[in-house]
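So the structure is just underneath, and the comments pick up after that.
Just so you know, these numbers come straight off a predicted model, no measurement behind them.
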Amino acid sequence: MSFIPLDIPDVLLVQPKVYGDERGFFFESFNQAQFDTALGRTVTFVQDNHSRSGKNVLRGLHYQIKQPQGKLVRVVEGEVFDVCVDIRRSSPTFGRWVGEVLSATNKHQLWVPPGFAHGFLVLSESAQFLYKTTDFYSPENERAIIWNDRQLDIRWPIDGEPILSSKDAIASSFQDAELFP
């Protein structure tokens, strides 16, 4: 497995070694020892989540203000554009974002540290998205930043409007959002 820091170095692109032949493929999707070594600390995952969404569905930008979650995300069907936004006021990369295409074909994963807002846009007809989290879901602590916030200026690869949940459609602006110290 390769762990590649992105433009925001706390966010890692994880590239597994894939072994394939005429029968199909095999790869190790998670290895605790390698993951801890790459991060330089031990991370414990407590919950696995699985979502399926159609083309042009945009989920996010979500985070939990208390019980912040680190997420290890991947796609097992289809393709998404995955985005992480640094919302830690004390960070040198505060307010910056990174985006990566994750797909069933490239088998890449993304480590989204606690203190980041996270979202993804489905690029294929449908996508199945899996993620491990470092803390449990806490609805009362969930927050969202609007996907098209002008200050963040995320370059989503979409023409027109995405399909949003009702709560994502009324999410806060970055300027008005409750953020981390």
- Task: Would you confirm whether Glu79, through its side chain, and Ser126, through its main-chain N or O, come within 3.5 Å as a donor-acceptor pair?
- Result: no

- Item | Joint hydrophobic cluster, Phe174 plus Ile146, side-chain heavy atoms closer than 4.5 Å | yes

- Check: Gln32 side chain, Thr44 main-chain N or O, donor-acceptor pair, under 3.5 Å: no

- Message: Assess the residue pair Leu13 and Trp111 against the criterion (side chain to side chain contact (heavy atoms under 4.5 Å, CB included)); give the C-alpha distance rounded to whole Å, side-chain angles, the decisive distance to 0.1 Å, and a yes or no.
- Response: CA-CA 7 Å; Leu13 181 66; Trp111 165 243; over 6 Å; no

- Rounding to 0.5 Å, atoms CZ (Arg96) and CD1 (Ile154) come to a distance of 13.0 Å

- Task: Kindly indicate, with the supporting measurements, whether the criterion side chain to side chain contact (heavy atoms under 4.5 Å, CB included) is fulfilled by Phe81 and Ile158.
- Result: CA-CA 10 Å; Phe81 182 66; Ile158 188 170; over 6 Å; no

- Does the ring of Phe25 carry Lys107 above it, NZ/CZ under 6.0 angstrom from centre and within 45° of its axis? yes

- Message: If the test is side-chain contact (heavy atoms from CB on, under 4.5 Å), which one of Asn49, Val112, Asp82 qualifies with Lys71?
- Response: Val112

- Message: Please give me the minimum heavy-atom distance between Leu61 and Trp147, naming the atom from each residue.
- Response: CD1-CA, 4.4 Å

- Where does the angle between the aromatic ring planes of His118 and Tyr131 fall among parallel (under 30°), tilted (30 to 60°) and perpendicular (over 60°)? tilted

- Query: Heavy-atom distance under 4.5 Å between the side chains of Val80 and Leu123, does that happen here?
  - Reply: no

- Item | No-hydrogen, no-angle side-chain donor-acceptor test under 3.5 Å, Arg59 and Ser53 | yes

- Give a yes or no on whether the backbone of Asn106 and the side-chain of Ser103 come within a donor-acceptor separation of less than 3.5 Å. yes

- How about Trp97 and Arg155: do any of their side-chain heavy atoms sit closer than 4.5 Å? yes

- Task: State plainly whether one hydrophobic cluster holds both Ile8 and Leu179, where clusters connect Ile, Leu, Val, Met, Phe, Trp and Tyr through side-chain heavy atoms under 4.5 angstrom apart.
- Result: no

- Item | For Val122 against Ala127, the heavy-atom pair lying closest together | CG1-CB, 3.8 Å

- Ile145 and Ala117 have their tightest heavy-atom pair at CD1-CB, 4.3 Å

- List the atom of Val11, the atom of Pro113, and the distance in Å for their closest heavy-atom pair. CG2-CD, 3.9 Å

- Message: Measuring only between side-chain heavy atoms, which start at C-beta, is Leu152 closer than 4.5 Å to Val85?
- Response: yes

- Query: Above 12 or not: heavy atoms from other molecules or residues under 6.0 Å from CZ of Phe27?
  - Reply: yes

- Query: Going by the ring-ring contact (aromatic ring centres under 6.0 Å, His included) test, which pairs reach into residues 41-66, not counting sequence neighbours?
  - Reply: Phe30-Phe45, Phe35-Phe45

- At their closest point, which heavy atom of Gly115 faces which heavy atom of Pro68, and how far apart are they? N-CB, 4.4 Å

- Message: I'd like to know whether the aromatic ring centres of Phe180 and Phe116 sit less than 6.0 Å apart in this structure.
- Response: no

- Message: Checking one residue: Val76. Which other hydrophobic residues are in its cluster under the side-chain 4.5 Å linking rule?
- Response: Leu130

- Task: Might you confirm whether atom CG of Asp7 has over 12 heavy atoms from other residues, nucleotides or ligands at distances under 6.0 Å?
- Result: no

- Item | Ser29 backbone acceptor or donor facing Gln109 side chain under 3.5 Å | yes

- Query: Below 4.5 Å, heavy atoms only, C-beta onward: do Lys17 and Met1 meet side chain to side chain?
  - Reply: no

- Query: Side chains of Val43 and Asp36: closer than 4.5 Å at any heavy-atom pair?
  - Reply: yes

- Message: Arg88: which residues meet the salt bridge (charged side-chain N to carboxylate O under 4.0 Å, His left out) condition with it, sequence neighbours left out?
- Response: Asp10, Asp86

- Item | Between Ser138 and Glu140, a side-chain donor and acceptor under 3.5 Å | yes

- Exactly one candidate in Leu6, Ile4, Leu110, Leu39 meets side-chain contact (heavy atoms from CB on, under 4.5 Å) with Leu12; the answer is Leu39

- Message: Testing the basics here: between Pro16 and Val14, what is the closest heavy-atom pair and its distance to 0.1 Å?
- Response: CD-O, 3.7 Å

- Same cluster (ILVMFWY, side-chain, under 4.5 Å), Val98 and Phe3: no

- Item | Pairs touching residues 164-177 that satisfy salt bridge (Lys or Arg N to Asp or Glu O under 4.0 Å), sequence neighbours left out | Glu142-Lys167

- Message: With a sphere of 6.0 Å drawn around CD of Gln47, does it hold more than 12 non-hydrogen atoms of other residues, nucleotides or ligands?
- Response: yes

- Intermediate values then yes/no, side chain to side chain contact (heavy atoms under 4.5 Å, CB included), His108 and Arg74: CA-CA 7 Å; His108 293 172; Arg74 67 188 181 116; over 6 Å; no

- Sorted by chain and residue number, the ring pair (Phe, Tyr, Trp, His ring centres under 6.0 Å) partners of Tyr19 (sequence neighbours excluded) come out as none

- Note on the structure: CG (Asn141) and NZ (Lys66) are apart, to the nearest 0.5 Å, by 6.0 Å

- Shared hydrophobic cluster, Leu164 / Trp156 (ILVMFWY, side-chain heavy atoms < 4.5 Å): yes

- Going by the salt bridge (Lys or Arg N to Asp or Glu O under 4.0 Å) test, which pairs reach into residues 108-136, not counting sequence neighbours? Asp48-Lys132

- Item | Phe129 and Phe120 aromatic centres sub-6.0 Å | yes

